[in-house]
Amino acid sequence: MNISFILNGNKVNIDTDPLKSLLRVLKEDLDVVSVKEGCSRGECGTCTVLLDGRPVTSCMVAAGQLRGREVVTLEGLENKREIKVIQDSFVESGSVQCGFCIPGFIIAAYVLLKENLSPSRDEIREAVSGNICRCTGYTKIIDGVEKAAEILGQKNE
Amino acid sequence: MKQTTKKNSARVDAREKVRGQTRFIDDIPVYGMLEAATVRSPVCHGKIKEFKNIDKIKKMPGVRAVVSAADIPGENCVPFVKNDYPCLAGVGEDVKFYGQAVSLVAADTRQQAQRAARAAELLIEEYPAVYDPVEAMTPDAVYIGGEDNIHSSFRIRKGNVDKGFKEADIIVEKVYTTAHQVHCYLENQGITAVPGPSSSVIVSGSMQCPFYVHNALVRVLGLPYSKVRVIQTPTGGGFGGKEDMPSILAAHAALLALKTGRPVRLVYDREEDFHSMSKRHPSRTRIKYGASSDGKITACQAEYIVNGGAYCTLSPIVAWRGLVHVAGPYDIANVMVDSYAMATNTVPCGALRGFGQPQVNFANESLIDELAEKLDMDPVELRRKNLLKTGSQTATGQVVGESCGMEESLQKALQRSSFKLHRGSDKGTLKKGMGISTTFYGVGLGAEGKYFAKAGAQVYVKEDGSVVVAVGNVEMGQGALTVFNRICADTLGCSYDMVEILEPDTTRVPDSGPTVASRATMVGGRAVMDAASRIRDILKRAAAVKLGTDENRVEIKGGKYCSPDGEMDYVDVVNEAYRTRQQVAAQGWYTVKDVSFDPETGMGNSYPVYTFSTNIAEVEVDTETGQVRVSSFTAAHDIGKAIHYPSAEGQIHGGTVQAIGYALYENLVLENGKIINPSFTGYTIPTSLDVPDVDAIIVESPYSEGPFGAKGLGEPPMVGPAAAIMNAVYDACGVRIRKTPGLPEDILEGLKKASVES
Ligand code: FES
Ligand code: FES
């Protein structure tokens, strides 16, 4: 089946099985690197993207549902200042170990910080609770989000 | 809680990872590549009579090849400690666990390959099965493997336990059990095999031990070592699960690649990974301590039984590590231990962070609290009376040498956590409690794996002073790239950004053993240091000639080669070395100093050195729901020396949280040998809401053999927390949990029993 949608601001057209997941479409048909497959059942958050501006686990979206819609992956957010600040804060806070979960956490942090620039540690924990990390024990990831919030908050004052 | 880090410099791989641009094996397509899937046994024990619809499967859409045992050119065996694990179970042969690999399919797409594999119909004659390791020990149990279902057994006979127990005023004896634990590395297993030039094969993928994979491929494909090349790609977590298991995927992918003449990628999905890959061994430990009334432990006797599953894999070494550590980090004159790894018709268990030690530490560190109560002594004071220090003897009679930070770790953890027992004093339904555990951990492979205890490295300094380093030990998240980078740069006196660590490749370095047992820093790091030091000496000589001084008077300080007769920048020294045609490339090599083990008595110097830790948990028990929440956790680890502080803290945070999951949440359920909850919904691991910020304390009691004094750290944080948590639960509400995971229903049942008794 032929499906057109917007990926990171560009129109793309692919010929694929409508039941194939958006995750596999992004990886196999469009070589998008930042989305990762941790579970393929909506349980881990490694495949998080924005669909029409809202975060979704791309493994749970079928290609057939995509017609005319807008998908944004971490690649498509790279020129946003918020994303750069979050990425820098993750690097400086030692938030990264194997890195497999990290793109999902960065998108979750971005969604949180758009709404709330002074989240408490508990609010951060809540906001990233749909993302699993097996390496870090979360402390340094939360440090990274906290640091990014501080920096982004200062600018806005 | 903010951590203070002494040297807060970024990891070398962090930038690419936050951009999501690190390519893991599932992100590396190869031109003309096929995707593979595995046909698996639907039963736990039986004989394969026939692959009924193989001809139909071969004709399914997209299918290019089906491979079975008869197609294997070499031996049908994936070599681990023993050679009992078949690469594929063939017609006329036995399958011994649910999900065992029987055949392989390669197709144009992954979806097509999976569809074909799922459609396979096998005719199997089912046999009776055994799932319980203790039942497998009984004389009339069904035979599965090993000798009378024993994969391996070990013992310790130190002093005279009968005499030791006679001397004791108090004796306590209990049984503790632990369940399976699943690695849950976020990246599933995956390997790509590509037919290479002159009938060779190149295999790359997610793995901890390229040299194990190399050995397995040589064996299965019947090729010389020189025709097989193995490359590690960025690895999304390992925790031991990518120690031995990738050898299986590599052999499977390579068989299909050689059959089709095309690149083949084999990536598991989560459910398949749950069913077929290794797990932490479930265990049963019966342990007994005797002590004099003033708290000196006079004897320890223990029996440690682990469920090894259907094939032996790494079980002997797991049972051995448990044996060496089960008496606890204490100086005890009389010790008797027996440990057994049993065969059952369940998924083979293997390496998982801690490697047999979390199980035994849970037992001995719970029992010592039970002993303290009987003696009416403070559990910290009882530990202090018996803890290992420099000069004391471990259970295998090894004298603890330099680098023993046990007491320092205890002091620091007590102070930072403001440790104090509550003794069930909280009113209401939410009760707080605190608990402690201490650990020792033998770094590296020890006497049972000493032939692997070596590592190589190559260092080349390029014309502009930048450096490339080839290593044999891998990055899997733990920070090895950064550690090797620091060791190399600090040895040469160049800046960190000048040093590039290449991906491990079996054609670049000699067999460097596995990346397991917290050995990468201590052993791999020494090899890098060895190579870099050779070049540093050459550079010093070049600088000395240029400066007109003696090479012994040249010292490296802040990126400069300095002498009383003048100084040169590192880059200028490199230029000078190039101008005078010096060989600025070197091989490094390190072998671990000798270790020993007497199989009759268990006596010997089991490991070259030990790390030590103290774990303190604070919990809140809800006595209405049975829920336990870990509200704070302090972990103080003596690791010799931290090479990169943020990574060291990260190891403590991550390992501790994995252990909190082990203690309270992670519950793999098997029904008749089959895993019935193979997903993150069924098998829940900690999320950010379930765990506190772990307070990591790094204790540095340097080890003269380690690079800059470093020992190891990857595994120890997983060892101690379970006992600290269960001791805290007891302190909170008086319920003693002697199993992992300790679930709400266990707490409620304990509370009910306690109220009936009182
Ligand atoms: S892969 Fe989509 S949530 Fe795990
Ligand atoms: S960094 Fe490895 S899973 Fe999060």
Side-chain angles (χ1 to χ4, degrees), chain A residues 17 19-20 24 27-28 31-44 46 73-75 78 86-106 121-122 124-144 146, chain B residues 1-3 5 8 10-11 13-24 26-27 29 109-111 183-188 234-239 267 269-271 475-479 646-647 649-658 679-681 685-689 691 693-694 696:
Chain A
D17 176 353
L19 290 179
K20 190 157 151 181
R24 290 319 304 174
K27 296 205 79 61
E28 290 170 16
D31 195 31
V32 174
V33 182
S34 75
V35 290
K36 310 287 182 196
E37 179 168 335
C39 70
S40 66
R41 291 167 62 149
E43 300 168 345
C44 76
T46 57
T73 68
L74 186 55
E75 284 85 352
E78 278 239 301
I86 297 168
Q87 288 174 332
D88 289 348
S89 303
F90 270 47
V91 170
E92 283 157 28
S93 305
S95 315
V96 180
Q97 289 191 26
C98 82
F100 201 79
C101 68
I102 293 296
F105 274 95
I106 293 200
R121 279 185 88 81
D122 282 345
I124 299 172
R125 284 188 177 277
E126 182 74 47
V128 301
S129 63
N131 296 75
I132 291 177
C133 174
R134 190 58 154 172
C135 297
T136 65
Y138 303 104
T139 292
K140 284 178 187 284
I141 288 182
I142 294 160
D143 290 348
E146 218 176 22
Chain B
M1 187 186 322
K2 279 275 176 69
Q3 305 295 331
T5 49
N8 198 355
R11 286 170 59 121
D13 52 349
R15 179 61 55 184
E16 195 181 65
K17 285 176 173 174
V18 294
R19 296 186 57 232
Q21 296 307 300
T22 299
R23 283 186 185 259
F24 297 87
D26 196 25
D27 307 314
T109 71
R110 193 175 297 175
Q111 291 79 9
H183 304 80
C184 298
Y185 30 70
L186 263 250
E187 179 207 26
N188 286 313
T235 295
F239 313 113
V267 176
D269 66 23
R270 183 60 61 184
E271 185 174 334
E475 171 69 57
M476 52 182 149
Q478 87 281 38
S647 296
E649 287 170 348
Q651 284 299 298
I652 297 177
H653 294 156
T656 304
V657 164
Q658 207 167 23
S679 71
F680 291 144
T681 310
I685 65 175
T687 72
S688 52
L689 292 175
V691 289
D693 285 322
V694 172

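Chain letters run A, B, ... following the sequence lines, proteins first and then strands; every chain starts at 1. The figures here come from the full heavy-atom set of this structure, side chains too, leaving out hydrogens, waters and symmetry mates.
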**Fill in**
Comparing A/Val35, A/Ile102, A/Thr46, A/Asn131 against chain B, the one with the most heavy-atom pairs below 4.5 Å turns out to be A/Ile102
**Asked** Tell me, side chain or backbone of B/Glu16 under 4.5 Å from chain A's heavy atoms, or both, or neither?
**Response** neither
**Item:** Side-chain donor or acceptor of A/Asp143 paired with backbone N/O of A/Ser93 under 3.5 Å
**Value:** no
**Prompt:** Parallel, tilted or perpendicular for A/Phe105 and A/Tyr138, by the 30°/60° rule?
**Reply:** tilted
**Asked** Does the pair A/Glu37/A/Arg24 count as a salt bridge with the N-to-O cut at 4.0 Å?
**Response** yes
**chain A contact via B/Val18 - which portion, at a heavy-atom distance below 4.5 Å** = both
**Item:** Pairwise side-chain contact, B/His183 with A/Arg134, heavy-atom cut-off 4.5 Å (strictly under)
**Value:** no
**Prompt:** Under a 4.0 Å N-O cut-off, is there an ion pair linking A/Lys140 with B/Glu649?
**Reply:** yes
**Non-hydrogen side-chain atoms of A/Gln97 and B/His653 separated by less than 4.5 Å** = no
**Request:** For chain A, find which of B/Arg19, B/Arg110, B/Arg15, B/Glu475 contributes the most heavy-atom pairs closer than 4.5 angstrom.
**Result:** B/Arg19
**Complete:** Comparing B/Thr22, B/Asn188, B/Asp26 against chain A, the one with the most heavy-atom pairs below 4.5 Å turns out to be B/Asp26
**Asked** For chain A, which of B/Gln651, B/Glu271, B/Gln21 has the most heavy-atom pairs under 4.5 Å?
**Response** B/Gln21
**Request:** Answer yes or no: is there an ion pair linking B/Arg270 with A/Glu43, defined by an N-O contact shorter than 4.0 Å?
**Result:** no
**Request:** Select one option (side chain, backbone, both, neither) describing which atoms of A/Leu74 are under 4.5 Å from chain B's heavy atoms.
**Result:** side chain
**Complete:** Assert top hit (heavy-atom pairs under 4.5 Å, partner chain A, pool B/Gly479, B/Pro686, B/Pro29) equals B/Pro686
**Message:** Taking side chain as everything from C-beta outward and backbone as N, CA, C, O, which of these in A/Glu78 sits under 4.5 Å from a heavy atom of chain B? Side chain, backbone, both or neither.
**Reply:** side chain
**Message:** Could you check whether A/Asp31 pairs with B/Arg23 (Lys NZ or Arg NE/NH1/NH2 to Asp/Glu carboxylate O, under 4.0 Å)?
**Reply:** yes
**Message:** Please classify the contact of B/Arg11 with chain A as side chain, backbone, both or neither, using a heavy-atom distance under 4.5 Å.
**Reply:** side chain
**Prompt:** Where on B/Thr235 is there a heavy atom nearer than 4.5 Å to chain A: the side chain, the backbone, both, or neither?
**Reply:** backbone
**Item:** Closest-packed option against chain B by number of heavy-atom pairs under 4.5 Å, given A/Asp88, A/Asp17, A/Thr73
**Value:** A/Asp88
**Asked** Side chains of A/Arg41 and B/Ser679: does their closest heavy-atom pair fall under 4.5 Å?
**Response** yes
**Message:** Out of B/Ala14, B/Ser647, B/Gly238, return the one with the most heavy atom pairs under 4.5 angstrom to chain A.
**Reply:** B/Ala14
